[in-house]
Structures are given as structure tokens and as C-alpha cells.
There are 4 protein chains.
Amino acid sequence: MLPPQPARRRRKDARPTEIADAALALFSERGFAATRLEDVATRAGVSKGTLYLYFPTKEDLFRAVLRQGLLPNLEAMEHAVAADQAPAPVLLRQIAGRLLQVLDTNLTAIPKLVLAESGNFPAIARMYADEVVMRAMALLTSILNRGIERGELRRVDPQSAIPTFIAPFLMMALWKHSLGQHTQIAIDPKAVMETHMDILLRGLEPRS
Amino acid sequence: MLPPQPARRRRKDARPTEIADAALALFSERGFAATRLEDVATRAGVSKGTLYLYFPTKEDLFRAVLRQGLLPNLEAMEHAVAADQAPAPVLLRQIAGRLLQVLDTNLTAIPKLVLAESGNFPAIARMYADEVVMRAMALLTSILNRGIERGELRRVDPQSAIPTFIAPFLMMALWKHSLGQHTQIAIDPKAVMETHMDILLRGLEPRS
Amino acid sequence: MLPPQPARRRRKDARPTEIADAALALFSERGFAATRLEDVATRAGVSKGTLYLYFPTKEDLFRAVLRQGLLPNLEAMEHAVAADQAPAPVLLRQIAGRLLQVLDTNLTAIPKLVLAESGNFPAIARMYADEVVMRAMALLTSILNRGIERGELRRVDPQSAIPTFIAPFLMMALWKHSLGQHTQIAIDPKAVMETHMDILLRGLEPRS
Amino acid sequence: MLPPQPARRRRKDARPTEIADAALALFSERGFAATRLEDVATRAGVSKGTLYLYFPTKEDLFRAVLRQGLLPNLEAMEHAVAADQAPAPVLLRQIAGRLLQVLDTNLTAIPKLVLAESGNFPAIARMYADEVVMRAMALLTSILNRGIERGELRRVDPQSAIPTFIAPFLMMALWKHSLGQHTQIAIDPKAVMETHMDILLRGLEPRS
DNA sequence: CATGAATGAGGATTCATTCAT
DNA sequence: GATGAATGAATCCTCATTCAT
């Protein structure tokens, strides 16, 4: 038999996550400084005081928000890394597909937030750069290198090629949370992704 | 004899620009809400009260900052448009080269700022989307279309191909003002640009 | 058993009134613009921030102060109206007696305040003129007219006679909150009132 | 031949008066604290800096404004005093007539101003009470006493009777600069004065 | 645990005053 | 003398944080 799990308790456990979700939404929409904790509380359906039961300060909440948004990202990457043995072009397409899916989640709010607040939170900027960016770059570098070694890809400098691969995804994530909210210009992520991978992989094809 | 140009006057004319420059730097570094007007004043070398001689409110200063950062951008694009008749790959390389130069200026602070504050200033987001993004997209679309018609480029959907071209430049601009300040990870814009254009133009080459 | 009435709650309900009382005192003493909200807070025994829990802006506080000072005035007048059937001289003496009592309350601060700030708050001036002055004039006009019809008073133009009746009371109210605070000149409201009514009623006696 | 009187010079001499006039108008309209010196300067047709050529501080300007508005008042009263030998009722009518004329001038702004600012400027309140009010009361007291002694007036306490005489004039002066600006309620000063003197003098008639 | 009233430090804005021209 | 650009002290208002209930 399972141990009894009172609804109350489950609710309580979910609180921090609910609050962090609400905070992520508002921080990403308005920025950290311009977001009032009262609004976060309202959006999370709790009182202002309750926030302080879980997060000692606004800055702590901010860190929790990012930690919560970061870990899944990292894990997703670890999985991608596991899909080891396929040819580089296939791997890249797999990753692209996964990133396309991520575009539909609210994880996309994180990059905008880190970007906007890196000036005020150097520690977070450093952490994000070292934990997320560095790892992602290492992953992509190893994929590219392996592809080059195996002759699946043309010889290029991996460090320099990474932005070409990754930037359009970042741009779409940022767009979604900024100008995309305020303009008629429509971006079709799937079409963009496919054209992008098409151009990229042709551009990386070994000379025929 | 030259007409007498009192130092006071020369100073006065420059004030709004000096202030807006200081504001751009700080807004871009810390965000709009987190920037104290007193710091803007100090950085511009004036007193707090002087700001109000030129900008009625903090928000007006914000708008002026963006207007000042936008107009040069727009004009730069018009010039690019003028360079009409060259083959598409050449044109794209020209634009890439120009964007690489822009990366060295403080104009790169604008995108981060617009991005971060679009939620709080929808009018500015709209303006930026319509005036800057739309025009830039139209320009690139026409270049791609011409190139396709002339057989200089492979047939692709221009709308979907634009992010592949532009995103790495945007990413480098954002990087410079965010994580780039806080990490050892070095990005060499010139190398990235060259690899990027290399991949992109190969990826757009007509079938041989 | 009485329902528990937490001290906190009782306190809270009284707050707006306490604050408005403090504000009335200071506004009347120094004027609206010259009164610092911090002083109002101190006098009301609360902190600066607490003011804003109850009154969104300084101007709102001002309006609340006047509303609070106006309603009792109006009601007092309604009561006076009710004392209908006595002869006009008796009625006038009754009203005079009541006004004499009002002179001992802090309601007398209102006229000075309305007077001083009518230029900055036209809406309040209009409201006061229409709600308070107009009603008071209508009341006195009807008393005078009835007295004249009944032969209790000599025939005079009521509109023109009202200032003779009311002005000394107004003057004493203003005096109390202005010069009266700063001079040795003593005014004995009771004696003034009696002499005043004596002169007035003789002056209004029908020809003998 | 007259000494040459350059227009420039005459203008210069008038400056302080022009400025004080402008200040009186604005102080009386908005109160001392709520009046900006820049507005005074604009209304007087000079620059902000010029004010300081004539009045070292805002408070000095305030004092000058009142001094300028006070002296004529005092002198007017001296003249009234001089008209010594007429019977009291005649004298009172003369004074009433003169006050009626004063109602058409901008001197009427003074009482409102003194009233409103007595809390912030005790010295001025004292001065006004002692110089203006005291003297006016002494004058009226002597007139009433003389009238009583001569049997022209009924025996009353002069101190207590003065408000009955003077208050309606004060009230009309205040009205003109406050509610009178914001309501349809019309007050006809001449009719009020005549009815007032009519009631008053009948009320003071010796027993017939 | 949860609430929301209360607090006060911080920052935008105003305006009396100064002073170089 | 006259000007108006510049200054910074003063004050309104906001909001992160505390704490009695």
C-alpha cells in the first residue's frame, strides 16, 4: 500500500514551483526590477506574505526561478548527448527537433531573463555561461568534431560554426517573448527550422 | 572670422546626446527599471535636475535613447539597399561585413534593451518591429528573391531563410552585452562571421 | 458573549478617520501644498507608507478630509431645517446658537481650507459652493421669507441680508485658525454672537 | 525744464511693483507654497533670474507683497479717521462706501493670503493683526463710542459690535477670490452693503 | 502555515536658488 | 542689469520586507 498522501500536503509541496512559475512569467514579461512581488503572489494565488515562507528575498526567488528553468534544460541536453552513435547530420537534426519542441514551452522565457539581468546578477550570468552555454558548446563541438572526423561534415572550425546552428533557435525564443507579442510579423518555427537545417547541413556537406 | 561659438552653447547643444548616451549604456547594462536617474546624470557629468531640462520623465528619456539608437540603424540599412546591382552572395557578404562593424559600436546595446523592455513598452516594441525588423526583413527578402531569380542562389523560402542569416549577428550583439561580460568563453566575431557566411552561402548555392 | 473584536481590527477601521483628522489639522494650519505627508503620518501615529494604504495620493487625502468635514455640516443643517415652525427670530437665534457651538469644534478648519485651496481645486470649490453654501443660503432665505410673510420681520431682500447674518460667524471661524493664533486681541464668541443677534434682530424688526 | 526721465529708468523703477503685483495675484490664487517663482516671473514679464535682483528669497517677495498691499490699506484708514466730526451713522456709511470701492481693487486678495499663510508666517500674522486689525478696531471703537456718547447710537459693547459691521465686507472680499470664481451664485456687493448698513444702523438706533 | 497591515529605505520629480554669460 | 541653464535639497510615492494575528 502506498503511504497516504493528503491533498493538502501535495498542494503545499507544489507551492514553491507554482510561485516560481508565476515569477518566471512576470520576470520574463517585465524584467526583474519592474516586477512587484505582490503581482507574483497574486498570479500564484497566494498572499504576499506567503512568498517569504518559501523565498527569503526577491533575489532568492529570482535564483530559484532560474535554477528551476535551468535544470530541465541541462537534463534535456544530457539525453541528447546519450544519443551518441548516429551520424552528425542526424544528431543535429534530432537536436533541432528537440529545440523546436522546447520553443513551445515556457522554458523559452529563461534566456530572455538571463540576458536582461546578467548585468545585475553577474553570478547568475557566470553560472549560466559556465553551466549551460559551455556545456551546450562542448556538446555541439564534439558532435561537429566527430562528424568531421568521420567525413560526414566538411572541415570547419566548430567554435565558429556553433552560432550558425544555434542562433536561430535562440532568436525565435527571444522573439516569442518580446517583439513577437507586439507585431503582426509571423514566424513559423517549424518552417524556419527546416529551412535552417536544410541550409546548414548543405553548407556543411563535404565536397562532393 | 568665425562666428563666436560660446563654449556654453556648444555644451548645451550636446547635452541631450550626452545624456542619452549615458542612459543607453546604463539601461542596457542594468535594464530600464533598475537604472537610477542619478546614475545616468553622474555618468553624463550633469546633475539630476539637468536631466529634467531635456527629458520630462524617465520614460521620455527611454524613448529618446531608442530613437537616437534607431535612426542610424535605419539609415545604415538604406545605404545597404542602395548597393543594388551586385550578385546576391556579394551583397550578403557586404551586409555581413557591415554588421560586423556595427558589432564594435554601442548600437549593439539597443536590441538587448528593446528585447528586455518590450513587455513594459509595447509601443516601442511595435515601433521597433515595424520600423526596424520589418524593413530589414523586406531588404533581405528582396535580396534573396533577386538572387534566386538570377540563379545565384538555390530556391528557398526567403522568410524562413532570414533567421539563418541574421540570428548569429543578433546573438553576438546580445552576447557582447550580457554573458560576454561575465565569462571566459571568447567569441571571435570575425571568425564566426566568416564561418557563418561560408556555411550559409554554400548552403544556398544552386545545385551543381 | 460578545463577538471577539480584535484590537488590530478596531484600530484598522479607525485609521482613515485618524489620518484624515491629522491631515485636516495640518492642512488647515499650513495649507495643502506646505503640508508634508510625513508630518500627517507622524501626527496620525502611523508611518508614511501607511497613508498610501488608505489614500492613493495626497490629493485623494485632501478630498477625503473635506468630505469628512462636509457631511456633518450638511446634516447639522438638515436638522436646523427641521426646527420648522418657530417664529423667524427664534429660529435665527437657534441657528446662531448652534453655529456658536460649532465654533468650538475643529469643523471650523474646513472653511479656511476650502477658501485657501479653491484656486487649486476648482471641483472642490464648486462642490462646496453648490452643496454647502447654496443649501445654507436656501435655508436662510426661506426662514427670512417666512418671517417677512408672517410679519415677524421687516421687509428686506433676503439674498442681501444673509451676509449680515452669517458673516460674523464665518469671520470668527477663520479668525480662530489664523490671526487668532498669533495675537493678543481676544474675541469672545458668545458676546459677539449676542451683540450680533441683538443688532440684527432689532434691525429686522418690523416698523413699530 | 524737467529733468530727463529715460523710459528705461522708469521701467526699472516699476519692476519691483510689477513683480509684487504678479506675485500677489498668484499667491492669492494658489497659495504661497503652490506658486512657482517661474510663474511669477512669467506673469511679470521677466526672467526667473531677474526676480532675485529685487527679492533675495521667495519669502522676501512674500513680505514685500504684503507690505505693498498693507500700506495703502492703512493710509486709507487714516483718511477715514480724519473725517472726524460727522455723526457716527454718517461716518459708518462713509467707511462702508469706501470698503465697497476697495472691493473692486486687487487689494482684496490680501486678506485671503494673510489668512491662508498665517500659520506659516507667524510674524506676518502678528504684524497684520497688530497693524491692521488692531488699528481698524480702534478706529471703529472710537466711532461707536463717540456715537453712543452723543446719543446717535444705542448703547452696545463696541468690541462685540465690530464683527457685525466689518464681517460682511471681509466675507465678500474672500468670496471674490475663492468660491466666487467657481460658482454661479452671484453676490451683488452694492445691494449687500446697502441692506447691511440698513439693518445695522436700524439695529443700532437709540430707542425711540 | 497563511495572511495582509504596517514599515521605511529608495528613487522619480519639482522648484528655489545660483551664476556664467 | 538681465538671462536661463544648472544645481541639489526637499518631497511624493513605491514596494521589498516584517510581523502580529
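If you're wondering where the values come from, they're calculated on a predicted model, not measured in any experiment. Within every chain, numbering begins at 1; the chains are lettered A, B, ... in the order of the sequence lines, protein sequences first and strands thereafter.
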State whether Thr50(D) places a side-chain N or O below 4.0 Å from either non-bridging phosphate oxygen (OP1 or OP2) of dT3(F).
yes
Of Val40(C), Leu107(C), Ile19(C), Val65(C), the one forming a side-chain contact (heavy atoms from CB on, under 4.5 Å) with Leu24(C) is Val65(C)
Please state how far atom CD in Glu18(A) lies from atom P in dA2(E), giving the value in whole angstrom units.
11 Å
Among the nucleotides dT14(E), dA6(E), dT14(F), which one has an atom lying closest to any side-chain atom of Tyr52(C)?
dT14(F)
Take the protein atom CZ of Phe55(D) and the nucleotide atom C1' of dT18(E), then report the distance between them rounded to whole Å.
18 Å
Length of the line joining Leu51(D):CG and dC19(E):P, which is rounded to integer Å
17 Å
From dT3(E), dT7(F), dA6(E), pick the nucleotide closest to the side chain of Ser47(A)?
dT3(E)
Check: Thr50(C) side chain, Val46(C) main-chain N or O, donor-acceptor pair, under 3.5 Å:
no
Nearest listed nucleotide, side chain of Lys48(D), among dG10(E), dT3(E), dA6(F)
dA6(F)
Pick the nucleotide of DNA chain E nearest each of Glu38(B) and Gly49(C); which residue has the one closer to the 5' end?
Gly49(C)
Is it the case that the side chain of His182(A) and the backbone of Ser118(B) share a donor-acceptor pair, with hydrogens and angles ignored and the cut-off at 3.5 Å?
yes
Taking Arg43(C) first and then Asp21(C), would you say they form a salt bridge - that is, a charged N and a carboxylate O separated by under 4.0 Å?
no
Which part of the nucleic acid does Leu37(B) contact within heavy-atom distance under 4.0 Å: base, sugar-phosphate only, or nothing?
sugar-phosphate
For dT17(E), what is the paired nucleotide under Watson-Crick or G-U wobble rules, both distances under 3.5 Å?
dA6(F)
Rounded distance in Å - CG (Leu53(B)) to C1' (dT14(E))
12 Å
Under 4.0 Å, heavy atoms only, any strand: does Lys58(B) hit a base, just the sugar-phosphate, or nothing?
sugar-phosphate
Figure out the CD/P separation between Glu59(A) and dC15(F), and round it to whole Å.
18 Å
Starting at CZ of Phe62(C) and ending at P of dC12(F), how long is that distance when rounded to a whole Å?
14 Å
With side-chain contact (heavy atoms from CB on, under 4.5 Å) as the test, would you mind laying out the steps for Tyr128(A) and Leu70(A) before giving the verdict?
CA-CA 8 Å; Tyr128(A) 198 84; Leu70(A) 242 55; 3.1 Å; yes
Of the candidate nucleotides dA6(E), dA2(E), dT14(E), which contains the atom at the shortest distance from the side chain of Arg15(A)?
dA2(E)
Which nucleotide sits closest to the side chain of Thr57(A): dC13(F), dA10(F), dT17(F)?
dT17(F)
Nearest to the side chain of Arg36(C) - dC15(E), dT11(F), dT7(E)?
dT11(F)
Return the nearest nucleotide to the side chain of Tyr54(C); candidates are dA5(E), dG1(F), dT7(F).
dA5(E)
